[in-house]
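Here the structure is laid out as structure tokens; the discussion comes afterwards.
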Amino acid sequence: ALLHLQGEGLVELRQHRGAVVSLLDAKLFADLYDLRGALQALLTRRAAERADAAQLAEMARHEAAYAAAAERGDPAAALEANEAFHAAIDAAADNPQVATLLKARTAFVNAVRLRLGFGPARMREAAAQHRAILRAVEARDPEAAAEAAFAHSMAAKRDLLAQLPTPRQEDTP
């Protein structure tokens, strides 16, 4: 488990001293979302090129579940539906190497997101972004799908960074 976390850059293993947790700061999350945005854009582009009718229906089902959770203001259900929506896109893209890379970072970010919550309008904004992604994939427009996926990730990044606690004066060097 520690080697896995080291591979993700979340812990540093020091010889004869054990594991040290990396600093969980805004730069780490910004970097993770930059990676996430690039990978989601790639996978969504491929899904627009390859998705079949059953895969599109599954994406639509998860998009609707997310919208319902957002309307109820249920962050846990929204995160679950979000993960399912993106997993359906990843399956349609049929690139397991990229999907595995993305999934490894998603679990960590989701755990932080559950703890910190969402900005006041984020879940509704994400629901609209999911609709835009789905429309582009259904239209078989790879570029629009990739752009919508990247914009979705960058909006999530801005929201998460806004939720991070500001360092206290005594915590800064």
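Residues take their numbers from the sequence shown, with the count starting at 1.
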key: Common cluster, Phe150/Leu42, ILVMFWY with side-chain heavy-atom separation under 4.5 Å   = no

message = So, taking the atom named CG in Leu79 and the one named CG in Asn110, what distance separates them when rounded to the nearest 0.5 Å?
response = 5.0 Å

query = In Å and rounded to the nearest 0.5 Å, what is the CD to CD distance from Glu63 to Glu58?
reply = 13.5 Å

key: Min side-chain heavy-atom separation His130-Asn82 under 4.5 Å   = yes

request  = Taking the side chain as every heavy atom from C-beta outward, state whether Met123 and Tyr66 have any atom pair closer than 4.5 Å.
outcome  = yes

key: salt bridge (charged side-chain N to carboxylate O under 4.0 Å, His left out) partners of residues 30-41, not counting sequence neighbours, each pair once   = Lys27-Asp31, Asp34-Lys157

task = Would you confirm whether Gln40, through its side chain, and Gly37, through its main-chain N or O, come within 3.5 Å as a donor-acceptor pair?
result = no

note = Taking every heavy atom of Ala146 against every heavy atom of Thr44, the minimum-distance pair comes out as N-CG2, 4.5 Å

ask   = Are Val137 and Phe85 linked, directly or through other ILVMFWY residues, by side chains that come within less than 4.5 angstrom of each other?
value = yes

remark   = Nearest heavy-atom approach of Gly73 to Pro75 is O-CD, 3.1 Å

Can you give me every donor-acceptor pair (side chain of residues 90-98, partner residue at least two apart or in another chain, under 3.5 Å) with its distance?
from, atom 1, to, atom 2, distance (Å)
Asn95, OD1, Gln97, N, 3.4
Asn95, OD1, Val98, N, 3.3

key: Spatial distance of atom CZ (Phe118) from atom CG (Leu160) [nearest 0.5 Å]   = 9.0 Å

inquiry  = Once side-chain hydrogen bond (donor to acceptor under 3.5 Å, both in side chains) is applied, what residue pairs with a partner in residues 138-149 remain, sequence neighbours excluded?
reply    = Arg45-Glu143

query = In Å and rounded to the nearest 0.5 Å, what is the CE to CD1 distance from Met59 to Ile133?
reply = 10.5 Å

task = For residues Ala156 and Arg113, report the shortest heavy-atom separation together with the two atoms involved.
result = O-NH2, 3.0 Å

message = Grouping I, L, V, M, F, W and Y whenever their side-chain heavy atoms are under 4.5 Å apart, do Leu101 and Leu32 come out in a common cluster?
response = no

message = To check you understand the geometry: which heavy-atom pair defines the closest contact between Ala136 and Ala144, and what is its length?
response = CB-C, 3.8 Å

query = Are Leu35 and Val112 joined in one hydrophobic group, where the rule is that I, L, V, M, F, W and Y side chains link up if heavy atoms are under 4.5 Å apart?
reply = no

ask   = Ala145 and Ala48: which non-hydrogen atoms are nearest, and at how many Å?
value = CB-CB, 4.0 Å

message = Around atom CD of Glu80, are there more than 12 heavy atoms from other residues, nucleotides or ligands closer than 6.0 Å?
response = no

ask   = His86 and side chain to side chain donor-acceptor pair (under 3.5 Å): which partner among Lys103, His152, His62?
value = His152

ask   = Would you say the side chain of Tyr33 lies within less than 4.5 Å of the side chain of Val109, judging by non-hydrogen atoms?
value = yes

Pairwise side-chain contact, Leu164 with Leu161, heavy-atom cut-off 4.5 Å (strictly under) = yes

